[in-house]
Amino acid sequence: MERAWLFSLLWVALLSAARAVDPLPYDYSSSSECLPEPLESHYGGGIIRNSDFSAGLKGWSAFGYGVIAEGASAAGNRFAVARNRTRPYQSVSQKVYLQNDTHYSLSAWLQVSDGTADVIAVVKTNGNFIHAGGVDARSGCWTILKGGLTAAAAAAGPAELYFESNATVDIWVDNVSLQPFSKAEWSAHHDASIKKARKKTVRLRAKDGAGNPVPGAQVRIEHVRNGFPLGSAMSAEILSNPAYQRWFTSRFTVTTFENEMKWYSTERVPGREDYSVPDAMMRFAKSHGIAVRGHNIFWDDPSTQMGWVKALSGDQLQRATAKRMKSVMSRYAGQVIAWDVVNENLHFSFFENKFGWEASAAFYRKAHQMDTGAHMSMNDFNTLEQPGDPNAVPNKYLGKLWQIKAFPGNGNAARMAIGLEGHFGVPNIPYIRAALDTMSKANVPIWLTEIDVAQGPNQAQHLEAVLREVYAHPAVHGIILWTARHPGGCYVMCLTDNNFKNLPTGDVVDKLIWEWKTHSHAGVADADGYYEAELFHGDYNVTVSHPVANSTVMQSLSVHKESDNEFTIHV
């Protein structure tokens, strides 16, 4: 046993020394498919020994008095099998040593002997059991579980990785990887991803009226508006509170109405619809150039249904839902960028229980027909927040997405989108990145739609870590904080006090807004009239002055992922 621990320590030390010379890039690859054979281990397995089981079960043990055996495919691929399981925790395991203050990226390929089963990766350390990722595994093909964990002080030291499932099926395990990254390396990944996904190097060329380059032209670039959508939910309080208005509009470019567009807000009494409040909020948002997400058409949680809705018969409910959809969508179609069509339909099933399994998909079909210009978004919680929530693991979320897209009449729903709420306690930062890696395989826009962090002494620190992680991920298209202000406070997390003075969380947001924008550029064009600048995506005013003709020209410039890299300005 001691020799195994010494080997682990030596292996970790060698990896750390190598990365000190050449920092290890992060592997964003994942898969949303169930494959006949697993793909190779990330990072060659990292600190996992015999990660591909090519040496049989060497380095691996049975966990929880279980039974493990070797398995092999017809093609000769070797793997481990946890057999005859009678307890959730009985599986294959390996002992590792975790370094303090280190992020770990985890991946493993899993299969079960029969049907489908939820499988969770667990790391046992110092008496604690850390959920590091989950997957809906199947028989007959291999699915990747991609996750991670952070070894803080309480989790550092000897640890053991294993897999658990409430189903008593055999669990097959292959190509496991556990790769450490220092905090400095993790931050370097952020910088590299932001440079690639959120910035563009542009070349401005000054020319005179005859088309000749103007060497020595004075160039000044001013950032007008950030191109990445960052926003907050708003409440009706904003309509009558000038301080709230000033604070909000000086920061955010997108919003969601917290409750005011929901069915229970617009039709409390059957047949008596009142859209006066969301109408006023929409006018306010549009007057300040703030985009709006439509939240929501329906909510699958039974506890959110009005008593009169619950009392309807099946036919009555059909008519009521059709009326609700027509009412809200005909009013705001063309005015919102996305619709949360059936909120939280991974965790709840009020309408599916009433109308059948295809209820959500049918709602999405109708919604797309009524507003073809907006994205139709799934919106749910715990895909990023809780690796141990089997309802919302990434591949189960994607399975629901595929079901909706494949429903007859949806035409594969080209304008689908992913909404991930993001109600965090203590965030698992490596898991957030890993889950986003898998979600990105859907190739649809991903939004963080309701970010907040539970109260506590490290709330602001945790918020900053979450925002940095999701902003840097190339698959994320926008962020909305769930921080609508009311006289009595906020849902979970506020950014300001009642006088709209920043709390520590608000200071974090302001710091990042400042950090994620281009500050004034000023310089002189080279001998060929070129001036080069690396700019965050967004809108700019460019002022160019001719050094001889004493003329000055101002031109607006929009920089985004698909925009040109070179612009000509005539002075």
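These numbers come from the heavy atoms of this one structure, side chains and all, not from hydrogens, waters or symmetry mates.
In plain terms, the two heavy atoms of Ala80 and Leu57 that are nearest each other are CB-CD2, 3.8 Å. Annotation for Thr449 and Gly419: closest pair CG2-CA, 3.8 Å, computed over non-hydrogen atoms. Residues Thr143 and Cys34 share a closest heavy-atom pair of OG1-SG, 3.2 Å. Ser91 and Tyr162 make their closest contact through OG-CB, 3.6 Å (heavy atoms, listed as atom of the first residue, atom of the second, distance). Of all heavy-atom pairs between Ala233 and Ile480, the closest is N-CG2, 3.7 Å. For the residue pair Ser377 and Ile418, the shortest heavy atom distance occurs at OG-C, 3.9 Å.
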- [ ] Kindly indicate, with the supporting measurements, whether the criterion side chain to side chain contact (heavy atoms under 4.5 Å, CB included) is fulfilled by Met378 and Met416.
- [x] CA-CA 8 Å; Met378 285 182 61; Met416 286 291 292; 4.3 Å; yes
- [ ] Before giving the answer on side chain to side chain contact (heavy atoms under 4.5 Å, CB included), spell out for Glu40 and Asp52 the whole-Å C-alpha distance, their side-chain angles and the decisive distance to 0.1 Å.
- [x] CA-CA 8 Å; Glu40 293 184 0; Asp52 60 359; over 6 Å; no
Open item on the list: Walk me through whether Asn226 and Thr253 qualify under side chain to side chain contact (heavy atoms under 4.5 Å, CB included).
Closed with: CA-CA 8 Å; Asn226 204 324; Thr253 60; 5.5 Å; no
- [ ] Test side chain to side chain contact (heavy atoms under 4.5 Å, CB included) on Ile297 and Phe363 and set out the steps.
- [x] CA-CA 9 Å; Ile297 301 174; Phe363 283 141; over 6 Å; no
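At a threshold of 4.0 Å, the pair Lys195-Glu534 counts as salt-bridged, since one of the basic side-chain nitrogens sits closer than that to a carboxylate oxygen.
Pairs passing the ring-ring contact (aromatic ring centres under 6.0 Å, His included) check and including a residue from residues 113-148, sequence neighbours excluded, read Phe79-Trp142. For residues 66-75, the pairs satisfying salt bridge (Lys or Arg N to Asp or Glu O under 4.0 Å) are Glu70-Arg78, with sequence neighbours left out. Applying the ring-ring contact (aromatic ring centres under 6.0 Å, His included) definition to pairs two or more places apart or across chains, those involving residues 447-473 are Tyr28-His473, Phe228-Tyr471, Tyr471-Trp516.
Within 6.0 Å of CD on Glu358 lie more than 12 heavy atoms contributed by other residues, nucleotides or ligands. The 12-atom threshold is not exceeded at CG of Asn166, counting heavy atoms of other residues, nucleotides or ligands nearer than 6.0 Å. Under a cut-off of 6.0 angstrom, the local environment of CZ in Phe355 is crowded, with over 12 non-hydrogen atoms contributed by other residues, nucleotides or ligands.
Remark: aromatic rings of Phe407 and Tyr364 are distant, center separation not under 6.0 Å. For Trp299 and Phe350, the ring centers sit 6.0 Å or farther from each other.
With sequence neighbours excluded, the residues that form a side chain to side chain donor-acceptor pair (under 3.5 Å) with Arg468 are Glu464, Glu515. Shown here are the ring-ring contact (aromatic ring centres under 6.0 Å, His included) partners of His295, two or more places apart in sequence or in another chain: Trp482.
Side-chain contact check for Glu532 and Thr201: no donor-acceptor pair (N or O, by modelled atom type) lies under 3.5 Å. The closest side-chain donor-acceptor pair between Asn379 and Asn343 falls under 3.5 angstrom. Side-chain atoms of His347 and Asp380 include a donor-acceptor pair closer than 3.5 Å. Glu37 and Trp109 form no side-chain donor-acceptor contact under 3.5 Å, judged by distance and modelled atom types alone.
Note that the CG atom of Asn410 and the CD1 atom of Ile404 stand 8.0 Å from one another [nearest 0.5 Å]. Once rounded to the nearest 0.5 Å, the distance linking CZ of Phe348 with CG of Asp301 reads 4.0 Å. Taking CG of Asp101 as the start and CG of Leu98 as the end, the distance is 12.5 Å to the nearest 0.5 Å. With rounding to the nearest 0.5 Å, the separation of OG1 in Thr483 from CG in Leu495 is 4.0 Å. Distance check, rounded to the nearest 0.5 Å: OG1 of Thr518 to NE2 of His537 gives 9.5 Å. The NZ atom of Lys95 sits 8.5 Å away from the CZ atom of Phe63 when rounded to the nearest 0.5 Å.
Between Ile48 and Trp60, the closest side-chain pair of non-hydrogen atoms falls below 4.5 Å. Using a 4.5 Å heavy-atom cutoff, the side chains of Leu161 and Leu106 are in contact. Between Tyr491 and Glu450, the closest side-chain pair of non-hydrogen atoms is not below 4.5 Å. Between Leu420 and Leu436 the shortest side-chain heavy-atom distance falls below 4.5 Å. Two residues are said to be in side-chain contact when any heavy atoms from C-beta on lie closer than 4.5 Å; Ile144 and Leu35 fail this criterion. Inter-residue side-chain proximity for Lys183 and His103 is flagged as met; some heavy-atom pair is nearer than 4.5 Å. Taking 4.5 Å as the limit, every side-chain heavy atom of Glu164 sits out of range of all side-chain heavy atoms of Arg87. In this structure, the side chains of His368 and Trp339 stay at 4.5 Å or more apart for every pair of heavy atoms.
Geometrically, Arg433 engages Tyr26 in a cation-pi contact defined by less than 6.0 Å to the ring centre and at most 45° from the axis.
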Distance-only donor-acceptor hits, side chain of residues 112-125, under 3.5 Å, sequence neighbours excluded:
from: Ser113; atom 1: OG; to: Asp170; atom 2: N; distance (Å): 3.0
from: Asp118; atom 1: OD1; to: Lys396; atom 2: NZ; distance (Å): 2.8
from: Thr125; atom 1: OG1; to: Ala155; atom 2: O; distance (Å): 2.7

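Exactly one residue among Ser177, Ser30, Ser107 makes a side chain to side chain donor-acceptor pair (under 3.5 Å) with His42. That residue is Ser107.
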